[in-house]
Amino acid sequence: MAKIGVFVCHCGENIAAKVDCTKLTAAMESHPGVSIATEYKYFCSDPGQESIKKAIVEQGLTGVIVAACSPRMHEATFRKACAAAGLNPYLCEIANIREQCSWVHSDGDEATEKAIEITRSLVEKVKRNNELQPILVPVTKRALVIGGGIAGIQAALDIANAGGEVVLVEREASLGGHMAQLSETFPTLDCSQCIMTPRMVEAAQHPNIRLLTYAEVEKVEGFIGNFHVRVKMKARYVDMYACTGCGDCIQKCPQKKISAEFDCGLANRPAIYTPFAQAVPNKPVIDRQHCTYFKNGKCKVCQKVCQTNAINFDMEDEYLDLEIGAIVVATGFQIQNTSLYGEYGYGRYPDVVTGLQFERLASASGPTGGRIARPSDGKEPETVVFIQCAGSRDPSKGVSYCSKICCMYTAKHAMLYAHKNHHGTSRVFYMDIRAAGKGYDEFTRRAIEEDGAGYIRGRVSKLWEENGKLMVRGVDTLLGRPVEVPADMVVLATAMVPQPDAKEFAKTLGIGCDEYGFFNEAHMKLRPVETATAGIFLAGACQSPKDIPDSVAQASAAASKVLALFSREKLEREPIIAMNNEATCSGCWGCVLACPYNAIEKKDITDRAGNLIRRVASVNPGLCQGCGTCVTFCRSNSIDLAGFTEKQIFAEVMGL
């Protein structure tokens, strides 16, 4: 005979403000099979959980219903409490009367009636629940970190320093990401290269890190603790082991006018090149698209001058198959397509540059050696206008969110300009100053008060060229009047956007994206570095706009999750998986075709002599994610989902 306990949580006023919890409790007390029904303000608190444990022991409960918030929030909490009291945790169910009831109804009576119906249906289901046991799967103690920017490097080093094995994959020819392009970093004005390059070298030389640059992840299969990953090693046409990095091939290459991606098009590079002087690994790569040999079949100058015979034009892409236990995604961001800024003249006027281009101009390793010069004539600008929110917070450009770092790096740019050109004038058009970080507000005040940056609150409406000057027209909303500023250079604080292939890559990984294309976390507050796919974690600006401290902190958080996973020899998985009745299975293979996780295999049924009798479907418990798709495709009604069997679902529906 069922002895069910119903525990109604007020969730402060989240539930109690709309649902009459006392009436709900009274209704449950008289429901068949319910031994005890009680209410409390916070059942997720320690006293609340203790009261559940006490009731299980004293009343000998065979099932528990907690009428509270979403199961995503506290299902694990209450199941642990039940397990601690000796009750199988899968005999505990959560009736969601917050998100599905109190939050979506304005009428209290209707909300209360709905809460009663929801709770009653779960009582009927839990009567038919079975005791389930977690599935144990082995864990491969090797992590894959995708992306070699500061977040990826930090995550890889944290895992490796703790003894974990790491494969670090970077699609470009060198580690570094966007941080390697920066001149100095806010709010301390540290040299970015001075911080970054030692970390790059440490990652490349670490005995626990296998570095794969100029490589891309092609395929990810499997599940937490047991991923199968295929990595494409793009042909560099340079033997990494034979090359000494002497640079003779780079100097002799006849193609020298290819726009340099690392310098944002402000300088040129040859067809065989390293992205920048401090690149790690410092071995060149041949740009097949612009190489004279690949275009015309003639040249091979680099091969002729190479003294170690490291150049190999016959090199082809290679593929590596890796067994991986956990994945950290740190693929970073891009800046918004600058062709969208027609009103700001980007692409029409050479002296309108992006913030990243200004970084290269201000960098000691940049095309001007750190001298801030106009791209059009190389002269130092006397007046520079900075335009913030160039694309950010602008739904018409497809970016309604704040890019978070623009206010800070614009203040930094104004300071760098003042430090390098003491007689120059800087003006900043802004909407708001968002400087929420340790020392950030002080930093922007310093740009204004010590380095003379003139801030004008308002948007720029038009920009045109007149008598050799860039005329910037905007409005000063504080004074309520239009403003025109003649400038020698204009710098756009462009929006941060996801990588252009982020949505496609999310499909490869099996994780979700938000409406803009940034990767989605499992829970914004409680699981900010996890994804909905167990074993895959996020770090850095691939999730949302972030500055360097936030990216590093999140990378370390992701690394700690990986290490927690690696601390166990075997992993417990939820037993909510499909089960096939082999006796009734017709072998139609509809479930095999429908399964999105390739978790269903064909199994031979043989007699004692080993002769094949028939073939049936067999569920791999390690791969099954419990989505239930196969159940709907089974023609012989042989497959059921543990925890959500037909009998349980039918009872739940009939309980309404």
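Here Asp287 pairs with Arg269, His290 under the side-chain hydrogen bond (donor to acceptor under 3.5 Å, both in side chains) rule; sequence neighbours left out. For Arg348, the salt bridge (Lys or Arg N to Asp or Glu O under 4.0 Å) test picks out no residue, with sequence neighbours left out. With sequence neighbours excluded, the residues forming a side chain to side chain contact (heavy atoms under 4.5 Å, CB included) with Gln154 are Asp158, Arg199, Val552, Ala555, Ser556, listed by chain and number. Considering only residues two or more places apart in sequence or on other chains, Glu172 meets the side-chain hydrogen bond (donor to acceptor under 3.5 Å, both in side chains) condition with none of them. Residues forming a salt bridge (Lys or Arg N to Asp or Glu O under 4.0 Å) with Arg360 (at least two apart in sequence, or on another chain): Asp263. Among residues two or more places apart in sequence or in another chain, the side-chain hydrogen bond (donor to acceptor under 3.5 Å, both in side chains) test is passed with Arg72 by none. For Glu316, there are no salt bridge (Lys or Arg N to Asp or Glu O under 4.0 Å) partners two or more places apart in sequence or in a different chain. When the side-chain hydrogen bond (donor to acceptor under 3.5 Å, both in side chains) test is applied to Asp501, the partners found at least two apart in sequence or on another chain are Arg171.
The 12-atom threshold is exceeded at CD of Glu261, counting heavy atoms of other residues, nucleotides or ligands nearer than 6.0 Å. Other residues, nucleotides and ligands contribute over 12 non-hydrogen atoms within 6.0 Å of the CD atom of Glu484. Within 6.0 Å of the NZ atom in Lys507, the count of heavy atoms belonging to other residues, nucleotides or ligands does not exceed 12. Other residues, nucleotides and ligands place no more than 12 heavy atoms under 6.0 Å from the NZ atom of Lys219.
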Check against side chain to side chain contact (heavy atoms under 4.5 Å, CB included), Cys253 and Tyr273: CA-CA 9 Å; Cys253 179; Tyr273 69 104; over 6 Å; no
Working for side chain to side chain contact (heavy atoms under 4.5 Å, CB included), residues Met471 and Glu465: CA-CA 6 Å; Met471 301 301 296; Glu465 199 170 43; over 6 Å; no
Worked check of side chain to side chain contact (heavy atoms under 4.5 Å, CB included) between Asp550 and Lys404: CA-CA 11 Å; Asp550 283 354; Lys404 193 172 182 179; 2.9 Å; yes
Side chain to side chain contact (heavy atoms under 4.5 Å, CB included) between Val428 and Gln388, intermediate numbers included: CA-CA 7 Å; Val428 179; Gln388 292 192 180; 3.7 Å; yes
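In summary, the side chains of Ser461 and Arg473 do not present any donor paired with an acceptor at a separation below 3.5 Å, with no hydrogens or angles considered. Ser363 and Ser183 form no side-chain donor-acceptor contact under 3.5 Å, judged by distance and modelled atom types alone. Side-chain atoms of Asp547 and Tyr440 form a donor-acceptor pair, as typed in the model, at a separation below 3.5 Å. In summary, the side chains of Arg236 and Thr213 do present a donor paired with an acceptor at a separation below 3.5 Å, with no hydrogens or angles considered.
In this structure, Asp317 contributes its side chain and Ala235 its backbone to a donor-acceptor pair below 3.5 Å. The closest donor-acceptor contact from the side chain of Gln554 to the backbone of Gly540 lies under 3.5 Å. The main-chain N or O of Lys469 is never found under 3.5 Å from a side-chain atom of Asn467 such that the two would form a donor-acceptor pair. Formation of a donor-acceptor pair under 3.5 Å by the Asp514 side chain with backbone atoms of Tyr516 is found in this model. Although no hydrogens or angles enter the test, the distance criterion places a donor-acceptor pair under 3.5 Å between the side chain of Gln181 and the main chain of Phe262. Asn161 places a side-chain N or O within donor-acceptor distance of the main-chain N or O of Leu157, the cut-off being under 3.5 Å. Remark: side-chain polar atoms of Asp488 are not paired, donor with acceptor, to backbone N or O of Val384 under 3.5 angstrom. A distance-only check finds no donor-acceptor pair linking the side chain of Asp239 to the backbone of Ala310 [under 3.5 Å]. The backbone N or O of Asp441 sits less than 3.5 Å from a side-chain atom of Thr444, completing a donor-acceptor pair. No side-chain donor-acceptor contact under 3.5 Å links Lys420 to the backbone of Ile372.
Contact annotation: the side chain of Leu509 approaches that of Ile146 to within less than 4.5 Å [non-hydrogen atoms, C-beta and beyond]. Put simply, the side chain of Gln543 reaches to within 4.5 Å of the side chain of Glu521, judged on heavy atoms. At least one side-chain heavy atom of Met233 sits less than 4.5 Å from a side-chain heavy atom of Leu212. By the 4.5 Å heavy-atom criterion applied to side chains, Gln357 and Tyr346 are counted as neighbours. Leu538 has its side chain within reach of Thr531: a pair of non-hydrogen atoms, C-beta onward, lies under 4.5 Å apart. Residues Lys561 and Val529 are in side-chain contact: their nearest non-hydrogen atoms beyond the backbone lie under 4.5 Å apart. Using a 4.5 Å heavy-atom cutoff, the side chains of Asp351 and Val490 are not in contact. Residues Leu470 and Val352 form a side-chain contact, since some pair of their non-hydrogen atoms from C-beta on lies under 4.5 Å apart.
Electrostatic pairing of Asp476 and Arg481 does not count as a salt bridge here, judged by no charged N lying under 4.0 Å from a carboxylate O.
Of all heavy-atom pairs between Phe519 and Cys513, the closest is CD2-SG, 3.8 Å. Residues Phe505 and Val217 approach most closely at CE1-O, 3.8 Å, considering heavy atoms. Nearest heavy-atom pair across Ala160 and Ile209 is CB-CG1, 3.6 Å. Contact between Pro395 and Ser400 at its shortest, heavy atoms only, is CG-CB, 4.0 Å.
Results of the ring-ring contact (aromatic ring centres under 6.0 Å, His included) test with Phe386 over Tyr455, Tyr344, Phe358, Phe429 single out Phe358 as the only residue that passes. Each of Lys462, Lys397, Arg459 was evaluated against Glu343; a single residue qualifies, Lys397, per the salt bridge (Lys or Arg N to Asp or Glu O under 4.0 Å) test.
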Using distance only, find each side-chain donor-acceptor pair of residues 243-251 under 3.5 Å and give its atom names and separation, not counting sequence neighbours.
none

In a table with atom names and distances, give each donor-acceptor pair under 3.5 Å that connects a side chain of residues 294-305 to protein atoms at least two apart or in another chain.
unit_1 : atom_1 : unit_2 : atom_2 : d
Gln303 : NE2    : Ile311 : O      : 3.3
Lys304 : NZ     : Cys299 : O      : 3.3

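The list of side chain to side chain donor-acceptor pair (under 3.5 Å) pairs with a residue in residues 427-436, not counting sequence neighbours, reads Arg393-Asp432. The stretch residues 405-416 participates, sequence neighbours left out, in these side chain to side chain donor-acceptor pair (under 3.5 Å) pairs: Glu359-Lys412, Glu359-His413.
A cation-pi arrangement is found for Lys234 relative to Tyr214, the charged atom lying closer than 6.0 Å to the ring centre and inside a 45° cone about the ring normal.
We find the CD1-OG distance between Ile405 and Ser392 to be 9.0 Å, quoted to the nearest 0.5 Å. Note that the CG atom of Leu175 and the CD atom of Glu170 stand 6.5 Å from one another [nearest 0.5 Å].
Aromatic pair Tyr401/Phe518: ring centres closer than 6.0 Å.
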